[in-house]
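Take a look at the structure set out below.
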2 protein chains.
Amino acid sequence: MIHIHEVAKLTKITVRTLRYYDQIGLLTATSKTEGGHRLYSEEDMKKLQQIQFLKGMGYRLQDIKEMLCDAKWNWPISLKSQLVYIMEEQERLGSIESSLRELINSIAIEGGDDHLAIQKLIQLSNQNKTKLRTFRENMFNDKQLELWTRLPKMKGKDPDSLEWIALLGQIKRHMKDDPASLRVQNIIRRMLEKQMEEFEGEDEFINKLWELRKSPSQSEKLGLYPIEQEVLEFMERAYEIYMSSEHNGSTQQGGVL
Amino acid sequence: MIHIHEVAKLTKITVRTLRYYDQIGLLTATSKTEGGHRLYSEEDMKKLQQIQFLKGMGYRLQDIKEMLCDAKWNWPISLKSQLVYIMEEQERLGSIESSLRELINSIAIEGGDDHLAIQKLIQLSNQNKTKLRTFRENMFNDKQLELWTRLPKMKGKDPDSLEWIALLGQIKRHMKDDPASLRVQNIIRRMLEKQMEEFEGEDEFINKLWELRKSPSQSEKLGLYPIEQEVLEFMERAYEIYMSSEHNGSTQQGGVL
DNA sequence: ACTTGAAAGTGACGTTACGTCATTTCGTAT
DNA sequence: ATACGAAATGACGTAACGTCACTTTCAAGT
């Protein structure tokens, strides 16, 4: 028979919690002193361990109470349903994670105008996803849909997506410069390099994508991150300067972001 | 200017929630009728969308309030810390998932005696993990530690682990039979087949593991799922019968679970 | 036996984001 | 003017305790 303070020290459960468990009838001390102080037995300690364990599994105290009272509780069923619940929660958090990455990356592109980025994302998230998908599936054939999955994504955590985002951010910050300036031309060159790495020989897809990009309404329907008209035009001018100056081996144009 | 009921219909947010947002000062209706009925403006609707979006990101209402009030809020920092928080939560749920699978699989082995399985798992989970690892690292060399990772695990969701668990469960249910019976011999044969698939040529490791298995205290220190002495002896007898009857090409013995 | 300080006891309120009554007032149609 | 739906306010409940505030009990020292 040990005192509540001892139990607290041994189990790392606070005294308040032990009293609360008593209060809700989850774990009542086996006996009490005549003055009313709780005295816990070895049995109580074991039950307490079970409670801690099940709480660690994510169960609520009410459920634990029922489980431990009912001697013929159906463990397999409740464990499996708890597993399903935990997996659903993980999925939910996973999609939150994607959204957060998307938002963080958007802000990296906008470079300071945070509210604008948030507004854009809200626009995107308010469209429902099924409509997006069917529209995409009408626009592209199977092979192109496979290519679509390899595009950099705003919600991506891969270095490839992150570099595209950084490049677009740089473009936006150099909009006041001459599109023929060395800085801008370097960014364009890097974009084309990356585009070739992933999409060499897929000129048709790239050109189609770029045409869609230039139409704000089409881009929106595809769920593409909105890029302002003047940014796109700036990129196109810079691209043409780049191609006419020294490089003219390829017919592809545009960017894949 | 629209009424609260309209807002509720448009945004799928309940009237109660809108009033609550007003109460905590998160979203106060722009104006009111002289009787005190709330009237929401377009501005309010936009703010409401932002609130919904941020709540979807997992923020608390208090945080959202601060974010939207403070015009120069540092979004990148708070978004990144929120991302870290979400990822930690995912990790936590991931380890809960492992524990649940472990428990479900244990019960599958014990075949009915649920409380026993839970007791065993509590024993295991009460040992702290770092102590387990250092003991293991003292017992095995590098190559054997790599082999260790390929052992079936109680928390596993792979078909391989699941089959080992099923096999052990069958053994336990046939303990009353003769170890020479066809059923038991078939189970043993299947175990040896699986063992050969994964661990062919690693006889030294297998034998060492089996010796450790036969010592309850060593097994416990290694964090191996406890198997009763009589079950192990039964398996060994069945194994010897199997080898002496017709198969004697290999010197390996024991099971890897 | 008496004192005293530590520890135990019992409320009660706060936390989060609302749901769910109960009661009263407002707006509008007839 | 009246009736009726809709809006407002207020209060209580949720889960699992943390944190006071105040009182009583325990165990040791004198």
Side-chain angles (χ1 to χ4, degrees), chain A residues 1-41 44 47-48 50-68 82 85-86 89 92-93 96, chain B residues 1-41 44 47-48 50-68 82 85-86 89 92-93 96:
Chain A
M1 289 301 178
I2 56 181
H3 272 208
I4 196 168
H5 195 67
E6 304 295 317
V7 179
K9 264 198 297 188
L10 288 172
T11 60
K12 298 288 178 184
I13 294 174
T14 66
V15 173
R16 172 69 175 105
T17 300
L18 288 168
R19 285 202 272 253
Y20 178 65
Y21 287 175
D22 191 349
Q23 185 186 329
I24 64 172
L26 175 60
L27 180 70
T28 312
T30 301
S31 63
K32 290 192 171 185
T33 68
E34 51 182 297
H37 287 197
R38 294 173 180 79
L39 293 173
Y40 291 86
S41 66
D44 294 335
K47 189 167 176 184
L48 192 52
Q50 295 182 8
I51 291 169
Q52 270 189 289
F53 180 76
L54 291 170
K55 213 162 78 66
M57 302 288 96
Y59 284 102
R60 295 171 316 159
L61 297 185
Q62 274 306 321
D63 300 336
I64 297 176
K65 190 175 163 187
E66 289 175 30
M67 292 171 178
L68 296 184
Q82 182 70 3
Y85 166 69
I86 291 291
E89 277 297 291
R92 196 174 63 84
L93 291 182
I96 289 180
Chain B
M1 289 301 179
I2 55 181
H3 273 211
I4 195 167
H5 195 67
E6 304 296 316
V7 180
K9 265 198 296 189
L10 289 173
T11 59
K12 297 290 178 182
I13 293 174
T14 67
V15 173
R16 172 67 175 103
T17 300
L18 288 168
R19 285 202 273 254
Y20 176 65
Y21 287 174
D22 191 348
Q23 184 186 328
I24 63 171
L26 176 59
L27 180 70
T28 312
T30 301
S31 63
K32 290 191 172 185
T33 67
E34 50 182 295
H37 286 198
R38 294 173 180 79
L39 293 172
Y40 291 86
S41 67
D44 294 336
K47 189 167 176 185
L48 192 52
Q50 295 182 6
I51 292 169
Q52 271 191 288
F53 180 76
L54 292 170
K55 212 161 78 67
M57 301 288 98
Y59 284 103
R60 294 171 319 160
L61 298 186
Q62 274 306 321
D63 300 337
I64 297 176
K65 189 176 164 187
E66 289 174 32
M67 292 171 177
L68 296 184
Q82 183 70 2
Y85 166 69
I86 292 290
E89 277 296 290
R92 196 175 64 85
L93 291 182
I96 290 179

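So that the names make sense, note that chain A is the first sequence line, chain B the second, and so on, each numbered from 1.
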- [ ] Send over the distance from His37(B) NE2 to dT24(C) C1', rounded to a whole Å.
- [x] 11 Å

Open item on the list: Without decimals, in angstroms, what is the distance between Ile51(B) CD1 and dA17(C) C1'?
Closed with: 13 Å

TODO: Calculate the interatomic distance between Leu18(B) atom CG and dA17(C) atom C1'; express it in whole Å.
DONE: 13 Å

Task: Separation of atom CG in Asp22(A) from atom P in dG9(C), rounded to whole Å - done: 9 Å

Open item on the list: Looking at Thr33(A), I'd like to know whether one of its side-chain N or O atoms comes within less than 4.0 Å of OP1 or OP2 on dA8(C).
Closed with: no

Open item on the list: Rounding to an integer number of Å, can you tell me how far Glu34(A) CD sits from dA27(D) P?
Closed with: 10 Å

Open item on the list: If I take atom OG1 from residue Thr28(B) and atom OH from residue Tyr40(B), how far apart are they, to the nearest 0.5 angstrom?
Closed with: 8.5 Å

- [ ] Between His3(B) and Thr14(B), name the one whose nearest nucleotide on DNA chain C is closer to the 5' end.
- [x] Thr14(B)

TODO: Before giving the answer on side chain to side chain contact (heavy atoms under 4.5 Å, CB included), spell out for Thr14(B) and Tyr20(B) the whole-Å C-alpha distance, their side-chain angles and the decisive distance to 0.1 Å.
DONE: CA-CA 10 Å; Thr14(B) 67; Tyr20(B) 176 65; over 6 Å; no

- [ ] Name the nucleic acid region contacted by Ile4(B), choosing base, sugar-phosphate or nothing; use a 4.0 angstrom heavy-atom cut-off, strictly under.
- [x] sugar-phosphate

Task: Side-chain heavy atoms of His37(B) within contact of Ile4(B), under 4.5 Å - done: no

Task: Arg60(B) CZ - dC18(C) P separation (whole Å) - done: 13 Å

Task: Minimum-distance nucleotide to Arg38(A) side chain [options: dG19(C), dG27(C), dT10(C)] - done: dT10(C)

Task: Side-chain heavy-atom pair Val7(B), Asp44(B) within 4.5 angstrom cut-off - done: no

Task: N/O (side chain, Arg19(A)) to phosphate O (OP1/OP2, dG9(C)) under 4.0 Å - done: yes

- [ ] To the nearest Å, give me how far apart CD1 (Ile24(B)) and C1' (dT15(C)) are.
- [x] 13 Å

Task: Nearest-Å distance for atom pair CD/P, residues Gln23(B) and dA17(C) - done: 13 Å

Open item on the list: Does dA7(C) have OP1 or OP2 under 4.0 Å away from a side-chain N or O of Lys9(A)?
Closed with: no

- [ ] Output yes when at least one side-chain N/O atom of Lys32(A) is less than 4.0 Å from OP1 or OP2 of dT24(D), else no.
- [x] no

TODO: Could you tell me whether the side chain of Leu18(B) reaches within less than 4.5 Å of the side chain of Leu48(B), counting heavy atoms only?
DONE: yes

- [ ] Assign each of His5(B) and Arg16(A) to its nearest nucleotide of DNA chain D by heavy atoms, then name whichever residue's nucleotide is nearer the 5' end.
- [x] His5(B)

TODO: Examine dC18(C): is either OP1 or OP2 under 4.0 Å from a nitrogen or oxygen in the side chain of Tyr21(B)? Give yes or no.
DONE: yes

